[in-house]
Structure formats: structure tokens, C-alpha cells
Amino acid sequence: MNQKLSREFYLSKDTIQIARSLLGKLIVVLDENGQRVSGMIVETEAYLGEGDRAAHSYGGRRTPRNEIMYGPAGHVYVFFVYGMYNQFNVVTGPADHPHAILIRGVEPVEGIEIMRERRGPMKDRNLTSGPGKLCIALGIDRRLNGEDLLDDRVWLENNREFAGDEIAVGKRIGIDYAGEDAGKALRFWVADNQYVSQNRER
DNA sequence: TGTCCGATTGGT
DNA sequence: CCAATCGGACAG
């Protein structure tokens with residue numbers, strides 16, 4: 001049942017389809033004692049490579065930071081923004097096809113006490129309801145950049161499925177600089193789930 | 001080397 | 001609404 005997603009999962013569909021099907025999957029990370037800390041993905045955004053003005057790989061930009069986007073699917077792309085937050089992405093598509101999916105919200109499943117300690121005093125609904133927040137709660141930072149999701153430091157598992165009107169769609173957050181690409185419907189979330197990021201727009 | 005700014009968050 | 005906070009991208 002709860003098995004690790006295969007390489008095939010990250011390759012067999014296009015990035016938009018994968019972004020939708022990631023909803024309901026589990027992100028599992030092991031803490032310093034080898035304990036599972038996990039959350040169910042409830043919000044994703046697709047970044048579509050060289051033609052997407054919002055993507056780090058727009059126009060073929062290839063730097064030490066985003067190099068992993070150009071590698072094989074099923075690897076982790078973690079980058080640091082705003083001087084304080086990490087962002088967790090899943091690389092998709094064949095090599096030299098620099099697509100990625102940003103995970104923007106997860107619902108805590110295992111290790112909630114560990115997440116509370118890492119995040120400090122706050123309501124549970126603020127634990128993992130945002131891309132920076134979930135990295136803190138799950139213990140994800142740039143040391144995991146480039147990690148293979150088929151190895152044993154961090155991975156995804158099957159958990160449950162969402163379909164039809166359980167999935168909401170809208171524009172991506174925080175990329176207003178992307179011109180006409182800013183309005184595209186590339187953000188997907190579980191309708192009515194309280195761990196979707198508390199966006200200030202839409 | 002210098003400057004500009006970000007795929008965010010939490011507090012005012 | 002705005003400050004925090006610093007690494008990356010790019011110009012010179």
C-alpha cells in the first residue's frame with residue numbers, strides 16, 4: 001500500500017498531470033533519530049521549463065543553483081529565497097527538460113510533535129500551510145538539494161487520490177514578474193483543505 | 001566586487 | 001502594509 005513512488009511516476013506523464021496527481025501523496029523525511037516525519041501534499045505549482053517566464057530555467061538559464069532541474073526526473077530541487085526560507089520542488093520530465101513542481105502545502109501526518117517543536121508555538125493549521133513553512137516542519141533545507149527520491153533520505157509514497165471537483169485550479173503565487181505566464185492556471189490544491197497556503201490574493 | 005531582488009512569512 | 005535577511009544572478 002504505502003510504497004515509494006517509482007521513477008516511472010516522475011517520467012510517465014507531463015508536468016501538469018504530475019502536479020495534479022501529487023495531491024494526496026505523502027512526503028516522508030527521516031529526522032535525526034531515523035523517525036518518519038511526513039505530510040500529505042495538498043497544494044502544488046507546475047514550473048514548465050525554458051518557455052515559462054516564472055521558472056528559474058526560463059530561457060535556458062542554467063546556473064549552479066538550478067542545475068538539478070536539468071537532471072533526471074525524480075530528484076529534489078531545494079532553493080533558498082528571501083534570506084530565510086527554503087522551497088521544496090520535485091524535478092519532472094526527461095533530462096535537459098528543466099521542469100519542476102513546487103510543493104506549497106502539506107497536511108501533517110506523522111511526527112506532528114516534531115513539527116510543532118521545529119515551528120514553535122502556533123496553531124496547527126500554520127504548521128505546514130506554505131512552501132517555506134513545510135520545509136521548516138519537515139526539516140528540509142539545501143542539504144537535500146539533488147537528492148534522489150528513490151533513495152532513503154526523502155521520498156514520496158502513495159497515500160490517497162483526489163479527482164474531479166476535489167481539486168481546485170488557479171494562478172501561481174508570488175510570480176507577478178512573469179508577464180502573461182503569471183496568469184496561467186498552474187496551481188493545484190485540494191479544495192477546502194486547511195493546509196493550503198494562506199494566499200493573500202484570489 | 002557591487003547592486004538589486006526574490007516561487008515567503010509573521011507581525012503592525 | 002511592511003520589514004526581515006542573505007544568496008544568487010548579472011552588470012561592470
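The figures here come from the full heavy-atom set of this structure, side chains too, leaving out hydrogens, waters and symmetry mates. What you see is a predicted model, and the numbers here were worked out from it, not measured in a lab. Throughout, a chain's letter reflects where its sequence line sits, starting with A, and its residues are numbered from 1.
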Euclidean distance for P, C:dT5 against B:dG2 (whole angstrom): 22 Å
Contacts of type side-chain hydrogen bond (donor to acceptor under 3.5 Å, both in side chains), residue A:R143, not counting sequence neighbours: A:D141
Pairing residues for A:R119 by the side-chain hydrogen bond (donor to acceptor under 3.5 Å, both in side chains) criterion, not counting sequence neighbours: none
Nearest-Å distance, [atom1] ([X]) to [atom2] ([N])?
X      : N      : atom1 : atom2 : answer
A:R119 : B:dT8  : CZ    : P     : 15 Å
A:I173 : B:dT9  : CD1   : C1'   : 14 Å
A:D176 : B:dC5  : CG    : C1'   : 14 Å
A:K133 : B:dA7  : NZ    : C1'   : 15 Å
A:L127 : B:dG10 : CG    : C1'   : 15 Å
A:L48  : B:dA7  : CG    : P     : 15 Å
A:I175 : B:dA7  : CD1   : P     : 9 Å
A:E43  : B:dT8  : CD    : P     : 10 Å

If a protein heavy atom is under 4.0 Å from the base, mark B; if only from the sugar-phosphate, S; if neither, -; do that for nucleotides 6-12 of chain C going 5' to 3'. BSSSS--
With both pairing distances under 3.5 angstrom for Watson-Crick or G-U wobble, and | for a partner in another strand, the correct string for DNA chain C is ||||.||||||.
Ring pair (Phe, Tyr, Trp, His ring centres under 6.0 Å) pairs, two or more places apart, involving residues 97-122 of chain A: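 Qualifying pairs, neighbours excluded: A:H97-A:H99.
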Which pairs, with at least one residue in residues 104-155 of chain A and sequence neighbours excluded, count as a ring pair (Phe, Tyr, Trp, His ring centres under 6.0 Å)?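 Not a single pair qualifies under ring pair (Phe, Tyr, Trp, His ring centres under 6.0 Å).
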Base, sugar-phosphate, or nothing for [X], non-hydrogen atoms under 4.0 angstrom?
X     : result
A:Q87 : sugar-phosphate
A:R53 : nothing
A:N89 : base

Output yes if the stacking criterion (under 5.5 Å between centres, under 30° between planes) is met for A:F79 over the base of B:dA7, else no. no
With no hydrogens and no angle check, just 3.5 Å: does a side-chain donor-acceptor pair link A:Y85 and A:Q87? no
Only counting residues at least two apart or in another chain, list the ones meeting salt bridge (Lys or Arg N to Asp or Glu O under 4.0 Å) with [X].
X      : result
A:D152 : A:K4
A:E8   : none
A:E107 : none

Can you confirm if the NZ or CZ of A:R7 lies within 45° of the ring axis of A:Y10 and under 6.0 Å from the centre of its six-membered ring?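 Geometry flag: not set, cation outside 6.0 Å or 45°.
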